[in-house]
Every structure is written in C-alpha cells, then in structure tokens.
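Here's the structure, in structure tokens; my notes come after.
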Amino acid sequence: MALVYNETTGNFDDIQSPPIIRYYRIQENLPFFQGDQVTLIWQIDAANHIFIDDEERDGNSLEVLLDTVGQKKFKLRATNSDGTAEREITLEVLPCPKFEIHPSATVLHKGRNENVVFRWTIENARDIKLISGNERTELAETGEATFSPIEDTQFTFEANGLEGNRVFRHIIPIKIREAARIDFKVNRQFSYPNLPIILSWNVDNCIGVTIDDFGEQPSQGVLEVTPGVDTTYVIRVQDAFGEERRTITVRMLPLPVIKQILVPTPKVDESFDISYATPQFKANISVPSFETSLVKLSLPEVPKLKDSFFVRSISSGKKKRIKNPFKSLYAYFFRK
C-alpha cells in the first residue's frame with residue numbers, strides 16, 4: 001500500500017500495490033545431497049495468499065526433503081487483489097556415497113579365533129578409509145579384507161562426498177558372544193499313557209526360551225505334562241547367533257492285559273500234628289489209629305458188628321413194637 005498526493009483534492013490517497021517479496025532463500029548452506037532436508041524461508045509484504053510450487057502455504061517457512069538427484073527448483077508466488085509477485089530458488093542436489101558392504105558375519109563365537117571377511121563396493125565417493133580402533137586404512141572403491149577380532153569391535157567405512165568436503169560414514173559393529181548352552185531333560189522317556197512326566201531345562205547365554213505348545217518360558221524351570229500317545233517336546237532358544245532347538249521324545253508303553261491267573265497248589269514239605277477230642281461213651285469202645293507221612297493222629301477203634309449194642313439177635317418170638325426209639329436208647333446208656 002502507498003500514499004499518493006492528489007493535486008485536485010489536495011489529499012493523500014491510498015493506492016493498492018502488488019505483494020512485495022523482501023527475501024526468499026534456503027536457510028542451510030551448500031552443498032546439498034540426496035536425502036538432505038532443507039528449510040525454505042521468506043518475508044513478503046501485502047500478500048493475501050502464498051504458494052510454493054502451486055500449493056498454498058501458511059507462515060514464512062517450509063521444510064523440504066531433497067529426494068532426487070540433480071537440479072531442483074522451488075517457486076514462490078504471492079498474490080493480493082492488485083497483483084502477483086514471484087521468485088524462484090534453484091539448487092543442485094548431489095548423490096550421496098553409496099556403501100555396499102557385506103561382512104561374512106556380525107557375531108563371532110568367543111574363544112574360537114574366528115575371522116570376519118568384509119567385501120565392499122563404494123560409489124560416488126572419494127578418500128575412502130576403513131577405521132578400526134586407532135587404525136585407519138586407505139581403501140579402493142572395491143575390495144576385500146579379513147580381520148580376527150577377539151572382543152567387540154566397531155568397523156567404520158568413511159568416505160568424502162564428490163564435492164570433497166562432507167564426510168559420510170557406514171558403521172558395522174562386530175560382536176563376540178558365547179553360544180547358548182542348553183540342558184533339556186525328561187525324568188523318563190518311556191511311560192504309560194496319561195501318567196505325569198516332568199520336563200526340566202537349564203539354558204545359559206540366551207535371549208529367550210520357548211517350548212512348543214507351552215509358549216515362553218524362563219531360562220531355567222520344570223514343567224509337568226501328561227502325554228497320552230508318543231509325543232516329541234521341542235525347546236527353542238534364541239541367542240546371539242539365532243535359534244537353537246533341542247527335542248525329547250517320550251514313548252508310550254502298551255498297557256498289560258491279564259489273560260489268566262495261575263495259583264500254584266501249596267506244597268507241604270513237613271509233617272504236622274492234629275489234636276482233637278474223642279467223643280465220650282459209656283460203652284467200652286476202643287478207637288483205632290492210623291497215620292500217613294504227613295498227618296499223624298489216633299482215631300477210636302471201630303468195634304466189630306457182633307460186639308455192637310446196635311446188633312440184636314433175631315428171636316423167633318413175638319416182636320415188641322418200640323414206640324419211642326430215643327427213649328430206649330437213653331434207657332440203654334443211662335440205666336443203672
């Protein structure tokens with residue numbers, strides 16, 4: 001906006017003018033490489049709308065990612081009702097050094113004197129070096145080198161950009177670690193179905209422990225299982241070198257089937273005595289005795305029939321009918 005003297009009226013009139021761009025620049029310093037993020041800043045007077053590459057923006061700054069190599073342009077346009085003001089920034093985006101480095105391993109076993117072999121190709125770079133501890137070695141763009149670290153070591157590949165000033169680095173740490181030690185046991189490997197089985201384990205130098213079907217486990221523990229069929233249990237251990245696994249198979253024995261039970265006849269090797277009480281009679285009866293190789297006893301003698309009180313002579317006389325035979329027997333034995 002400007003004030004202009006009007007001779008006719010003798011007054012100062014307001015005259016609208018297009019926006020005025022005081023400055024438009026990049027905050028960071030040259031050079032710029034692919035992947036850099038730069039900040040566009042500006043100051044504009046009397047602007048109603050501000051556009052960067054035809055996209056309206058607020059404020060007075062914008063961060064932009066340089067994602068492509070080559071020439072890059074950023075166009076600023078400010079407008080109001082009386083006109084438009086424009087300005088443009090052009091910059092060159094350089095390619096970053098490209099590191100392609102392939103170590104044979106990044107983790108070595110402790111105490112085994114293992115080697116690590118580096119193979120590399122580095123493009124868009126100059127003054128390439130390999131730094132290990134206090135040693136700095138000049139490198140070609142492609143090559144191979146072997147090292148035998150005995151402790152954790154950081155290898156740094158360093159190179160300057162093509163413009164010669166900015167330094168780029170690619171760092172590869174090599175670790176020295178002990179492998180996991182796994183002790184995985186079962187209290188018995190043969191069992192009958194559905195009987196408890198105890199799994200036990202003790203693992204050193206591990207990152208994590210899992211048992212298939214039972215999930216994550218501590219590095220040391222026990223677990224009771226009841227397999228019904230032949231079952232293989234697998235423990236998986238994560239260490240610095242990856243995954244190690246151990247397996248244990250528990251096999252089921254067939255249940256016994258009882259077809260018959262044979263009970264042997266007792267075998268008597270010695271003789272033994274049997275004592276008993278003989279019946280008491282008023283009559284004079286002798287008891288006979290006999291014995292075997294195993295049983296020794298004495299039995300009452302059996303009287304001859306002709307001497308028995310049950311034998312009565314048959315008379316030709318008239319027979320008398322006995323009304324009560326028990327009374328007659330009583331009288332026979334107990335008569336005076």
Side-chain angles (χ1 to χ4, degrees), residues 35 96 98-122 130-135 144-158 168-259:
C96 294
K98 182 180 179 181
F99 295 89
E100 290 188 3
I101 303 171
H102 305 284
S104 59
T106 57
V107 183
L108 304 179
H109 291 85
K110 185 176 183 179
R112 298 188 185 179
N113 296 322
E114 294 179 338
N115 297 329
V116 57
V117 179
F118 290 100
R119 296 178 178 87
W120 67 86
T121 299
I122 302 175
L130 174 60
I131 304 171
S132 174
N134 295 324
E135 296 183 5
E144 177 181 309
T146 301
F147 298 89
S148 301
I150 59 175
E151 59 183 6
D152 289 1
T153 304
Q154 181 172 282
F155 293 87
T156 302
F157 288 81
E158 183 181 275
F168 295 84
R169 294 180 178 90
H170 186 86
I171 300 173
I172 299 179
I174 301 299
K175 300 177 181 179
I176 310 299
R177 295 289 184 269
E178 289 188 3
R181 292 192 296 270
I182 305 171
D183 183 19
F184 187 38
K185 298 184 294 186
V186 66
N187 62 334
R188 59 178 178 273
Q189 288 189 272
F190 295 90
S191 180
Y192 291 109
N194 300 320
L195 289 181
I197 298 293
I198 302 299
L199 299 174
S200 61
W201 63 92
N202 187 11
V203 183
D204 295 326
N205 306 319
C206 67
I207 299 173
V209 176
T210 60
I211 296 179
D212 287 7
D213 301 327
F214 296 97
E216 294 185 4
Q217 301 294 331
S219 60
Q220 182 178 1
V222 295
L223 188 65
E224 182 179 290
V225 295
T226 54
V229 296
D230 290 358
T231 305
T232 298
Y233 296 95
V234 181
I235 186 171
R236 301 178 186 272
V237 176
Q238 296 289 335
D239 64 4
F241 301 94
E243 180 182 280
E244 290 287 334
R245 61 195 298 269
R246 300 287 188 275
T247 62
I248 290 179
T249 300
V250 178
R251 302 191 181 278
M252 297 294 105
L253 298 172
L255 292 173
V257 178
I258 301 175
K259 295 184 177 180

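Computation of the quantities below employed the complete heavy-atom set of this structure, encompassing side-chain atoms and omitting hydrogens, waters and symmetry-equivalent molecules.
- Electrostatic pairing of Lys98 and Glu100 counts as a salt bridge here, judged by a charged N lying under 4.0 Å from a carboxylate O.
- In terms of heavy-atom proximity, Ile207 sits nearest to Ala240 at CD1-N, 3.9 Å.
- Nearest heavy atom pair, residue Pro196 against residue Thr226, reads CA-CG2, 3.8 Å.
- Distance check, rounded to the nearest 0.5 Å: CD1 of Ile235 to OG1 of Thr210 gives 8.0 Å.
- Proximity of Trp201 to Ile182: side-chain heavy atoms (C-beta onward) are nowhere separated by under 4.5 Å.
- For the salt bridge (Lys or Arg N to Asp or Glu O under 4.0 Å) condition, no pair includes a residue of residues 186-203, sequence neighbours left out.
- Residues Leu195 and Ser191 share a closest heavy-atom pair of CB-OG, 3.7 Å.
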Task: Criterion side-chain contact (heavy atoms from CB on, under 4.5 Å) on Arg181 and Asn202, from CA distance to verdict - done: CA-CA 8 Å; Arg181 292 192 296 270; Asn202 187 11; over 6 Å; no
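- Using modelled atom types and a 3.5 Å distance limit, the side chains of Ser148 and Asn115 yield a donor-acceptor pair.
- Annotation: Glu144, atom CD; neighbour count of heavy atoms from other residues, nucleotides and ligands within 6.0 Å is above 12.
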Open item on the list: Does Cys206 form a side-chain contact (heavy atoms from CB on, under 4.5 Å) with Gln238? I'd like the steps, not just the answer.
Closed with: CA-CA 6 Å; Cys206 67; Gln238 296 289 335; over 6 Å; no
Return a table of donor-acceptor pairs under 3.5 angstrom between the side chains of residues 168-175 and protein atoms on other chains or two or more places apart.
from	atom 1	to	atom 2	distance (Å)
Arg169	NE	Glu158	OE1	2.9
Arg169	NH2	Glu158	OE1	3.1

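- The two residues Phe99 and Phe157 have their closest heavy-atom pair at CE2-O, 3.7 Å.
- To the nearest 0.5 Å, atom CH2 of residue Trp120 and atom CG of residue Leu130 are 6.5 Å apart.
- The 12-atom threshold is not exceeded at CD1 of Ile150, counting heavy atoms of other residues, nucleotides or ligands nearer than 6.0 Å.
- Rounded to the nearest 0.5 Å, atoms CG (Leu199) and OH (Tyr233) are 6.0 Å apart.
- Evaluation of the salt bridge (Lys or Arg N to Asp or Glu O under 4.0 Å) rule for Glu114 yields no partner, not counting sequence neighbours.
- Nearest heavy-atom pair, Asp230 versus Arg251, reported as atom, atom and distance to 0.1 Å: OD1-CA, 3.3 Å.
- Between Gln189 and the options Thr249, Ile197, Ile248, a side-chain contact (heavy atoms from CB on, under 4.5 Å) holds for only Ile248.
- Note that NZ of Lys110 is 5.0 Å distant from CD of Glu178, once rounded to the nearest 0.5 Å.
- Between Arg177 atom CZ and Leu108 atom CG the span is 10.5 Å, to the nearest 0.5 Å.
- Using bins of under 30°, 30° to 60° and over 60° for the plane-to-plane angle, the ring pair Phe241/His109 lands in the parallel bin.
- The two residues Ala180 and Asp239 have their closest heavy-atom pair at N-OD2, 3.1 Å.
- Among Glu244, Glu243, Gln217, the one residue that satisfies the side chain to side chain donor-acceptor pair (under 3.5 Å) test with Arg236 is Glu243.
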Open item on the list: Set out, in order, the CA-CA distance, both residues' side-chain angles and the distance that settles side-chain contact (heavy atoms from CB on, under 4.5 Å) for Phe155 and Ile101, then state yes or no.
Closed with: CA-CA 11 Å; Phe155 293 87; Ile101 303 171; over 6 Å; no
